[in-house]
Structures are given as structure tokens and as C-alpha cells.
Amino acid sequence: MPELPEVETVKNALAPHLQGKIIKACHFFTAGLRQKLDEELFNNAFIGTKIIRLKRRSKYLIFELDNNKWILSHLGMTGSWRLCPSTEARKKHEHISVLLGDGTQDLRYCDPRRFGEFRMITAPLNKDDDPQALAHLGPEPFDDAFNQAYLWNLSRNKTKAVKGFIMDPKTVCGIGNIYASETLFRCGISPLRKTQKLTKKDCHNLISHSQEVLQQAIAAGGTTIIDFQAPDGSEGWFHQQLNVYGRNGKKCTTCDKVIKRVVQTGRSSFYCPGCQK
DNA sequence: CGCGGCCCCTGGCCGC
DNA sequence: TGCGGCCAGGGGCCGC
């Protein structure tokens with residue numbers, strides 16, 4: 001589902017179909033997602049504009065348009081985009097329709113929990129060519145800026161648990177609840193450990209293992225996407241590859257201890273008390 | 001400023 | 001079979 005690797009996969013799948021296309025009209029079938037959706041405002045800004053590029057930053061999809069505006073799309077927990085003929089009947093929980101080209105092709109957004117976002121951005125770009133609205137985000141996990149010295153310095157004097165630290169997009173983008181648990185398992189670090197207790201070696205491991213986990217998930221993107229679009233048939237990459245996530249009460253894949261579940265700031269964390277200290 | 005708690009929303013699943 | 005409770009991969013805001 002929509003964590004960094006899945007958003008990357010969605011971007012790669014949609015980009016060739018969207019780049020160069022003209023927006024004919026937007027229709028909203030809901031008053032709002034996380035924010036209010038104003039159909040008139042969007043149509044005034046976007047009708048007749050061309051989609052130049054589709055990008056990803058953190059877990060955001062960015063539609064770059066030819067009139068110095070951008071659309072930010074965030075999938076929240078349950079959001080998905082699909083392309084279909086505009087004659088196709090609207091499915092349950094489809095909230096947005098973006099008609100493309102001559103209007104026969106339709107980009108539809110579906111989101112049962114409506115935790116997603118669809119936002120118009122007009123502010124200038126920052127130095128990384130991203131909308132200023134995303135300037136608060138930390139480095140991408142594969143960016144050179146996400147290095148040992150950076151993580152070590154940032155981790156000093158932080159009393160909060162390391163699980164929250166690596167899930168914080170100001171620390172690094174794209175590590176959600178699943179990949180946080182999986183990364184910490186591979187590092188042998190307990191999710192409960194205080195951030196300031198990380199060693200330099202731990203910082204190095206957090207970087208290499210988070211990259212490894214995300215890279216493997218990106219490589220499995222196709223499979224994940226099928227699960228994502230058909231949430232009821234969830235027999236995908238995750239269930240085969242996860243070492244700790246959702247495995248509480250089951251035996252560790254490495255030692256003979258039992259995986260534990262704890263709740264941290266309202267979210268479940270899973271870890272092996274034998275392997276992770 | 002850092003941190004935890006709580007909220008947005010629907011639906012699936014589990015136990016009674 | 002129905003119903004209440006709990007859980008869900010994200011992130012913003014608020015109060016301490």
C-alpha cells in the first residue's frame with residue numbers, strides 16, 4: 001500500500017500515460033478529503049493546462065503543470081489512482097475524476113478512509129525543484145544527505161524512542177510503520193530504545209538497512225500494486241518478506257524467541273526481544 | 001522546541 | 001446473523 005515504494009510504483013505506472021496530457025476538467029464527488037475540495041477553484045486553475053511531469057517526493061505524488069502550478073496528491077492510508085474510460089460508472093469511494101485529452105480518458109482517485117490529499121500549489125519552487133510546501137521534509141532515503149554524520153548529529157539529545165525518530169519525515173522520508181519495524185529488526189535495535197542511545201554504527205546500519213528494505217519493496221512494486229488495487233486478495237510481497245510486522249506471538253525467523261507487539265504513540269510496533277536491544 | 005495524545009474516516013475481523 | 005470493540009500502512013494539530 002501507499003508507502004514510499006508503492007508511491008514510486010504508482011508514479012512509474014502513471015507517468016507515461018499522464019505526461020503531455022491536457023486536463024479537460026476536474027470533478028469532485030466529495031466535499032473534501034483531508035482538506036476541502038473546491039471544484040470551481042481547481043477547474044479555473046487547471047482546465048487546458050498540460051501535465052509536464054509526474055514526480056514523487058516523500059509519499060507525495062507531484063503533478064507538475066505548464067502554468068507554474070502543481071498538484072500535490074497524497075494517498076493517505078487507502079488512496080489509489082487508476083485510469084479508465086470516462087464512460088465507466090463511478091465506483092464506491094471514488095472521489096475525484098480528472099478528465100484528460102479529449103475527455104475520453106479519466107484519471108480516478110479512490111480513497112475509502114479519505115485520509116488522502118489533493119492540493120493545488122502555486123508557491124515558488126525551492127532549490128531542489130520541489131514546491132515550497134514540501135520544504136519541511138527531510139532527505140529522501142537514497143539521497144546523499146541521508147548519511148551517518150547527519151543521522152548521528154540529529155539523534156543527539158533526543159529522548160524519544162528510535163521507532164518514532166526513523167518514522168518522522170523530518171528525519172528521513174518514506175519509512176512508514178511497516179518499514180520502521182522491519183528496518184529496526186534488521187539493525188538489531190529495539191523500537192523502544194531512546195534515540196540518543198544510538199551509536200555511530202547504529203546510524204550506519206539504520207541507513208543501509210532502511211535503504212535495503214525500501215529497495216526490495218520497490219523491486220516488488222508490481223506485486224504490491226496488485227494487492228493495493230484489490231485489497232481483499234492480500235497475498236503479496238509483504239506476507240512473504242516480513243520478519244516482524246504483524247507477527248506478534250509467532251516465533252522469530254532468526255532465534256527461538258517470540259515476536260512482541262507494543263503500542264508507541266498510538267501505532268503498533270513489532271520486535272524480537274531476543275534479536276533487538 | 002520536543003513529545004505524546006488525539007483526531008480525521010470507513011471497513012474488516014474477531015468474539016460474544 | 002448482528003453488534004460492539006478493536007485495529008489499520010499517514011500526518012496535522014494541540015497542549016503540556
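Labels below follow one simple rule: chain letters A, B, ... track the order of the sequence lines, proteins then strands, and each chain is numbered from 1.
- One atom, CG of A/Leu33, and another, C1' of C/dG12, lie 15 Å apart when rounded to the nearest Å.
- Between C/dA8, B/dT10, C/dG10, one nucleotide has an atom nearer to the side chain of A/Ser268 than all others, and that is C/dA8.
- Under the Watson-Crick or G-U wobble criterion, with both distances below 3.5 Å, B/dG11 is paired with C/dC7.
- Residue A/Arg267 places at least one side-chain N or O under 4.0 Å from the OP1 or OP2 atom of C/dG9.
- Note: CZ (A/Phe29) to P (B/dC9) measures 21 Å, nearest angstrom.
- The side chain of A/Arg34 lies closest to C/dG12 when the candidates are B/dT10, C/dA8, C/dG12.
- Listed pair A/Tyr179 / C/dG9 fails the phosphate criterion, with no side-chain N or O lying under 4.0 Å from OP1 or OP2.
- Because its NZ or CZ atom is both nearer than 6.0 Å to the ring centre of A/Phe29 and within 45° of the ring axis, A/Arg90 counts as a cation-pi partner of that residue.
- In the set B/dG4, B/dT10, C/dG9, the nucleotide with an atom closest to the side chain of A/Met77 is C/dG9.
- Counting only heavy atoms from C-beta outward, the side chains of A/Arg114 and A/His95 approach each other to under 4.5 Å.
- Whole-Å rounding puts the A/Leu242 CG to C/dA8 P distance at 14 Å.
- Picking from C/dA8, B/dC3, C/dG9 the nucleotide with the shortest atom distance to the side chain of A/Thr159 gives B/dC3.
- A donor atom on one side chain and an acceptor atom on the other are not found under 3.5 Å apart for A/Thr195 and A/Lys160.
- Taking atom C1' in both B/dC3 and C/dG9, one finds a spacing of 23 Å when rounded to whole Å.
- Of the charged side-chain nitrogens involved, none lies within less than 4.0 Å of a carboxylate oxygen, so that A/Asp106 and A/Arg82 do not count as a salt-bridged pair.
- Residues A/Thr265 and A/Phe115 both approach DNA chain B. Their nearest nucleotides, taken by heavy-atom distance, put A/Thr265 toward the 5′ side.
- A salt bridge does not link A/Asp202 with A/Lys197: none of the charged nitrogens is closer than 4.0 Å to a carboxylate oxygen.
- As rounded to the nearest Å, C/dG5 and B/dC7 have P atoms that lie 16 Å from one another.
- As judged by a 4.0 angstrom heavy-atom cut-off over every strand, A/Tyr60 is placed among residues touching the sugar-phosphate backbone only.
- Atom NZ of A/Lys91 and atom P of B/dT10 are 20 Å apart (whole Å).
- The phosphate of B/dT10 (OP1 or OP2) has no side-chain N or O of A/Lys92 nearer than 4.0 angstrom.
- Contact annotation: A/Lys160 does not reach the phosphate of B/dG4 (side-chain N/O to OP1 or OP2, under 4.0 Å).
- Annotation: of the two residues near DNA chain C, A/Phe270 and A/His136, the 5′-most nearest-nucleotide partner is A/Phe270.
- Nucleic acid contact for A/Gly76: sugar-phosphate only, since backbone atoms but no base atoms lie under 4.0 Å from a heavy atom of the residue.
- Taking only side-chain nitrogens and oxygens, A/His74 never comes nearer than 4.0 Å to OP1 or OP2 of C/dG10.
- Look at CG on A/Asp168: it is 10 Å from P on C/dG12, rounded to the nearest Å.
- Rounded to a whole Å, the CG atom of A/Leu214 is 13 Å from the C1' atom of C/dG9.
- Cation-pi geometry between A/Arg57 and A/Tyr60 is not met: the NZ or CZ atom fails to fall both under 6.0 Å from the ring centre and inside 45° of the normal.
- In this model, a side-chain donor or acceptor of A/Arg113 finds a partner on the base of B/dC9 within 3.5 Å.
- Between A/His93 and A/Gly266, the residue anchored nearer the 5' end of DNA chain B, judged by the nucleotide with its closest heavy atom, is A/Gly266.
- Distance CZ (A/Phe118) to P (C/dG10): 21 Å, rounded to an integer number of Å.
- In this structure, CG of A/Asn157 is placed 11 Å from P of B/dG2, rounded to the nearest angstrom.
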